[in-house]
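Just so you know, these numbers use all the heavy atoms, side chains as well, and skip hydrogens, waters and symmetry mates.
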Amino acid sequence: MIDLRSDTVTRPTAAMREAMASAEVGDDVYSEDPTVNRLERDAAEVFGREASIFVPTGTMGNQIAIRLHTQHGQEVICEARSHVLDWEMAMMSAFSGCQARTVAAERGILTWDHIKPAIGAKIYYRAQTGLITLENTHNMAGGTVTPLKILEEVWAGAREIGLPVHLDGARVFNAATALGLSVAKLTSGFDTVMFCLSKGLGAPVGSMLLGSKKAIESARVYRKALGGGMRQAGVLAAAGLIALHDMPKRLQEDHSNARLLADAVAAEPSKAETDLDSVQTNIVIFKLRGKDHANGGDAVGFVAALKQKGVLASAIGPHSVRFVTHYDVDRAACTNAAVIISEELRAL
């Protein structure tokens with residue numbers, strides 16, 4: 001099967017498996033796991049931060065960050081299709097006592113002009129804004145990238161009024177690759193940053209939360225509260241080190257393969273609607289057209305048909321389909337998938 005459902009399906013590389021088998025370990029709850037400690041130091045260094053903490057999932061990293069920056073009864077500004085809103089089980093309310101203030105933005109790119117009107121007025125009977133969160137790349141917008149200039153405007157505006165800004169950077173290495181920037185420069189103005197080791201970077205488990213030394217000391221408390229004390233986690237951190245240092249170098253391959261798939265979809269404009277300009281990294285999202293073009297096509301049925309031909313994809317709505325490329329699907333596999341996708345689109 002050619003698995004294009006997500007870059008979370010990647011299997012650890014041979015080098016990762018070898019590193020995991022030989023990892024030096026200790027009890028990380030006592031801060032005694034040398035491999036975890038090295039991963040946390042290295043991640044902080046790569047991003048130009050004082051400290052970082054290894055967490056089991058990106059969701060946990062994001063939710064710890066929200067708890068760090070907010071008080072109960074506040075609002076968190078986020079894009080209307082953001083991961084912290086749609087895919088993190090309402091934990092900003094359950095764990096941090098906050099509600100989301102959503103803002104819709106074209107291609108998921110929140111600018112300061114979008115954010116400023118959503119900030120709660122300084123009056124006692126209005127919920128106050130506690131945090132701004134951005135997502136780069138933006139998953140449900142199709143892996144779109146927020147440029148540095150836009151980020152700088154958000155950082156400056158938030159700093160002027162004293163609001164913290166958190167980045168859900170699950171795929172921030174993809175964003176940095178697309179923009180030709182270091183992740184340190186692309187994230188320099190955020191108060192905290194979360195990124196995943198287990199998506200395009202290919203590690204089997206884990207994400208990192210970065211920030212000031214004080215913030216990460218508090219994050220360690222919240223990680224334990226959420227059940228994230230993982231004991232001899234160096235077995236996992238060993239794969240994370242390879243993900244951090246080696247895997248970003250090959251992300252452009254995934255981006256090129258995503259464009260190959262997007263071109264196959266775009267070649268059938270009577271059957272599918274796609275925005276090629278939004279295909280900037282490793283995600284392709286498109287909408288199936290109905291036979292009368294008035295209504296959308298059947299995404300679930302289309303995905304089922306692809307599966308019968310050996311291609312796995314995701315229906316992300318009644319009419320929308322998503323492909324995600326990663327290192328477990330090489331150019332040959334994606335070329336194969338493109339042929340099958342074209343055939344199935346023409347058959348609609």
Can [X] and [Y] be counted as having a side-chain donor-acceptor contact under 3.5 angstrom?
{"X": "Asp33", "Y": "Gln232", "value": "no"}
{"X": "His69", "Y": "Thr192", "value": "yes"}
{"X": "Asn139", "Y": "Arg81", "value": "no"}

Hey, would you say the Phe173 and Phe47 ring centroids sit under 6.0 Å apart? yes
Find out whether [X] and [Y] are in side-chain contact, i.e. whether some heavy atom of one side chain is under 4.5 Å from a heavy atom of the other.
{"X": "Asn62", "Y": "Glu88", "result": "yes"}
{"X": "Thr111", "Y": "Ile115", "result": "no"}
{"X": "Glu40", "Y": "Ile53", "result": "yes"}
{"X": "Phe323", "Y": "Asn282", "result": "no"}
{"X": "Leu276", "Y": "Arg259", "result": "yes"}
{"X": "Phe190", "Y": "Leu151", "result": "yes"}
{"X": "Lys185", "Y": "Leu148", "result": "yes"}
{"X": "Leu167", "Y": "Met194", "result": "no"}

After noting the C-alpha distance and the side-chain angles of Leu288 and Lys271, does the key distance pass the side chain to side chain contact (heavy atoms under 4.5 Å, CB included) rule? CA-CA 6 Å; Leu288 295 171; Lys271 303 300 178 70; 5.9 Å; no
Check: [X] side chain, [Y] main-chain N or O, donor-acceptor pair, under 3.5 Å:
{"X": "Arg107", "Y": "Thr146", "value": "no"}
{"X": "Gln128", "Y": "Ala121", "value": "yes"}
{"X": "Thr129", "Y": "Ile119", "value": "no"}

Nearest atoms (heavy-atom pairs only) where Ser31 meets Asn37: O-ND2, 3.2 Å
Ala299 and Ser320: which non-hydrogen atoms are nearest, and at how many Å? CB-O, 3.5 Å
Does [atom1] belonging to [X] count more than 12 external heavy atoms closer than 6.0 Å?
{"X": "Glu50", "atom1": "CD", "value": "yes"}
{"X": "Glu32", "atom1": "CD", "value": "yes"}
{"X": "Gln252", "atom1": "CD", "value": "yes"}
{"X": "Met1", "atom1": "CE", "value": "yes"}
{"X": "Glu343", "atom1": "CD", "value": "yes"}
{"X": "Glu217", "atom1": "CD", "value": "yes"}

Looking at Asn136, Asp7, Thr177, which one forms a side-chain hydrogen bond (donor to acceptor under 3.5 Å, both in side chains) with Arg171? Asp7
Salt bridge check: are Asp113 and Lys116 linked by an N-O gap of less than 4.0 Å? no
